[in-house]
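Only one structure is covered here, and it is reproduced in the block below.
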Amino acid sequence: MAFTPLSLLLSLLLSLLLASQTLAQTPTAPAPSPGPINITEILVRAGQYNTWIHLLTVTQVGSQIDSQVNNSNQGMTVFCPTDNAFNNLPTGTLNNLTIQQQVQLVLYHVLPQYDTLADLLTVSNPVRTQASGQDDEVFGLYFFGQNNEVNVSTLIVSTLVSNFLREQFPLAMYEVDKVLMPKEFTESPAPAPAPAAANTSSPSTTKSTTAAAKGSGSGRLGVGLGLVAGLGLFCIGLLP
């Protein structure tokens, strides 16, 4: 059977139509869902956050953040000091902190809500952190700036929020080039007032002591007069 150009064209068109129908009926694979948020993995990919990763791990705050942002609708904001920021601290600063203070320090870098840079320019200061309320202390942060240039302050340390590592709900992560040391760590509690000196002597004892002192003085005076009188009589007896 001979094929004319027209029949070849019709055959080709029919083949293309059948192929398109087959492709349309083939189900497409669903797009893979994003994995759970892991703050440590984000920091490792970014680099230069080794000390911060260590603190998040030993205090277990990192796992708390992961659990919070993956299992609830409440977002979080984390300020991440670089290794340089920790290196610029006075020698021994971290080692001199108690375990409780290390936990408070890490929590102080975490806000219990998701905030963009624009949000941070409109917040009411002081802003509560995850450390707020511990030991009845404020542990608040202060934000100011303009045109998306945000500064964060602890009232003893101030630095620019210069870069974001992640800014997507439910987790915002911003780089800071200084460790946000809370002023609460520098405020020593007021010394307790010294106890008043106890007066252990009773009025009757005091009176007795005074009377005894007077009596002792009178006795010594009487003895002295007796000796003088006796010596005088002795001398009179020696006269012719």
Side-chain angles (χ1 to χ4, degrees), residues 34-70 72-91 93-94 97 101-132 138-185:
I37 295 172
N38 186 304
I39 187 172
T40 300
E41 290 182 359
I42 297 172
L43 292 169
V44 168
R45 287 197 301 267
Q48 70 176 358
Y49 295 98
N50 294 321
T51 305
W52 182 235
I53 292 171
H54 172 73
L55 284 174
L56 285 169
T57 302
V58 298
T59 61
Q60 299 184 359
V61 174
S63 59
Q64 293 175 22
I65 293 173
D66 290 343
S67 176
Q68 179 73 32
V69 297
N70 285 307
S72 76
N73 293 324
Q74 183 178 359
M76 282 187 155
T77 302
V78 183
F79 299 96
C80 307
T82 61
D83 288 334
N84 243 5
F86 284 102
N87 292 336
N88 290 331
L89 289 175
T91 304
T93 297
L94 291 182
L97 297 179
Q101 287 177 323
Q102 289 184 14
V103 174
Q104 289 173 327
L105 176 64
V106 178
L107 292 175
Y108 188 56
H109 287 70
V110 183
L111 305 184
Q113 70 278 337
Y114 172 84
D115 286 311
T116 65
L117 288 177
D119 293 333
L120 294 174
L121 290 174
T122 60
V123 293
S124 298
N125 292 316
V127 176
R128 287 179 58 84
T129 67
Q130 286 292 87
S132 296
V138 175
F139 282 105
L141 288 173
Y142 299 79
F143 296 91
F144 55 93
Q146 58 184 357
N147 298 329
N148 280 343
E149 185 174 277
V150 181
N151 286 274
V152 56
S153 174
T154 71
L155 298 185
I156 60 172
V157 175
S158 181
T159 186
L160 182 69
V161 181
S162 56
N163 188 23
F164 67 87
L165 304 176
R166 175 191 168 95
E167 197 178 43
Q168 181 181 356
F169 188 85
L171 179 63
M173 296 170 60
Y174 300 105
E175 176 185 310
V176 287
D177 59 7
K178 290 183 181 180
V179 180
L180 305 178
M181 296 299 292
K183 67 182 181 62
E184 284 79 2
F185 285 3

Is the shortest side-chain heavy-atom distance between [X] and [Y] below 4.5 Å?
X      : Y      : value
Cys80  : Met173 : yes
Pro170 : Met76  : no
Leu111 : Phe79  : yes
Leu171 : Val78  : yes
Thr40  : Val44  : yes
Gln64  : Thr59  : no
Leu160 : Val176 : no
Leu121 : Val150 : yes

How would you list, by chain and number, every residue that makes a side-chain contact (heavy atoms from CB on, under 4.5 Å) with [X], sequence neighbours excluded?
X     : value
Asn70 : Pro36, Ile37, Asp66
Leu97 : Leu94, Gln101, Gln102, Leu105, Phe185
Ser67 : Asn71
Ser63 : Gln60

Checklist line | Heavy-atom neighbours of Gln48 CD exceed 12 at 6.0 Å | finding: yes
Margin query: Are more than 12 heavy atoms, taken from residues, nucleotides or ligands other than Asn73, located less than 6.0 Å from that residue's CG atom?
Written below: no
Note to self: I'd like to know if the side chain of Arg45 and the backbone of Gly47 have a donor-acceptor N/O pair within less than 3.5 Å.
What the structure shows: no
Notebook entry, point to check: Is a side-chain donor or acceptor of Glu175 paired with a backbone partner of Val161 at a separation under 3.5 angstrom?
Noted result: no
Could you measure the distance from the [atom1] atom of [X] to the [atom2] atom of [Y]? Nearest 0.5 Å is fine.
X      : Y      : atom1 : atom2 : value
Asn87  : Thr51  : CG    : OG1   : 6.5 Å
Thr154 : Lys178 : OG1   : NZ    : 9.5 Å
Ile39  : Ile65  : CD1   : CD1   : 4.0 Å
Leu120 : Asn151 : CG    : CG    : 11.0 Å

Next item on the list: Grab the two heavy atoms, one from Tyr49 and one from Pro81, that are nearest each other, plus how far apart they are.
Entry: CD2-O, 3.4 Å
Margin query: If I compare all heavy atoms of Gly140 with all of Ser132, which pair ends up nearest, and what's the gap?
Written below: N-OG, 4.5 Å
Residues two or more places apart in sequence or in another chain: which of them pass side chain to side chain donor-acceptor pair (under 3.5 Å) with [X]?
X      : result
Ser72  : Gln68
Asp119 : Thr116
Tyr174 : Glu167
Glu41  : none

Item checked: Of all pairs that satisfy ring pair (Phe, Tyr, Trp, His ring centres under 6.0 Å), the ones with a partner from residues 51-70, not counting sequence neighbours -> Trp52-His109
Margin query: Can you confirm whether the side chains of Glu184 and Tyr108 place a donor and an acceptor under 3.5 Å from each other?
Written below: no
Notebook entry, point to check: Do you see a donor-acceptor pair shorter than 3.5 Å between the side chains of Thr159 and Asp177?
Noted result: yes
Checklist line | Steps toward side-chain contact (heavy atoms from CB on, under 4.5 Å) verdict (Val152, Tyr142) | finding: CA-CA 6 Å; Val152 56; Tyr142 299 79; over 6 Å; no
Which atom pairs, donor and acceptor, lie under 3.5 Å between side-chain atoms of residues 123-131 and protein residues at least two apart or in another chain?
{"from": "Asn125", "atom 1": "OD1", "to": "Phe143", "atom 2": "N", "distance (Å)": "2.9"}
{"from": "Asn125", "atom 1": "ND2", "to": "Phe143", "atom 2": "O", "distance (Å)": "2.9"}
{"from": "Thr129", "atom 1": "OG1", "to": "Ala131", "atom 2": "N", "distance (Å)": "3.2"}
{"from": "Thr129", "atom 1": "OG1", "to": "Phe139", "atom 2": "O", "distance (Å)": "2.8"}

Check: side-chain contact (heavy atoms from CB on, under 4.5 Å) between Leu55 and Phe86: does it pass, once the steps are laid out?
Finding: CA-CA 11 Å; Leu55 284 174; Phe86 284 102; 3.6 Å; yes
Checklist line | From CA spacing to verdict: side-chain contact (heavy atoms from CB on, under 4.5 Å), Leu89, Met181 | finding: CA-CA 10 Å; Leu89 289 175; Met181 296 299 292; 4.3 Å; yes
Next item on the list: Check ring pair (Phe, Tyr, Trp, His ring centres under 6.0 Å) between Phe164 and all other residues, then give those that pass, not counting sequence neighbours.
Entry: none
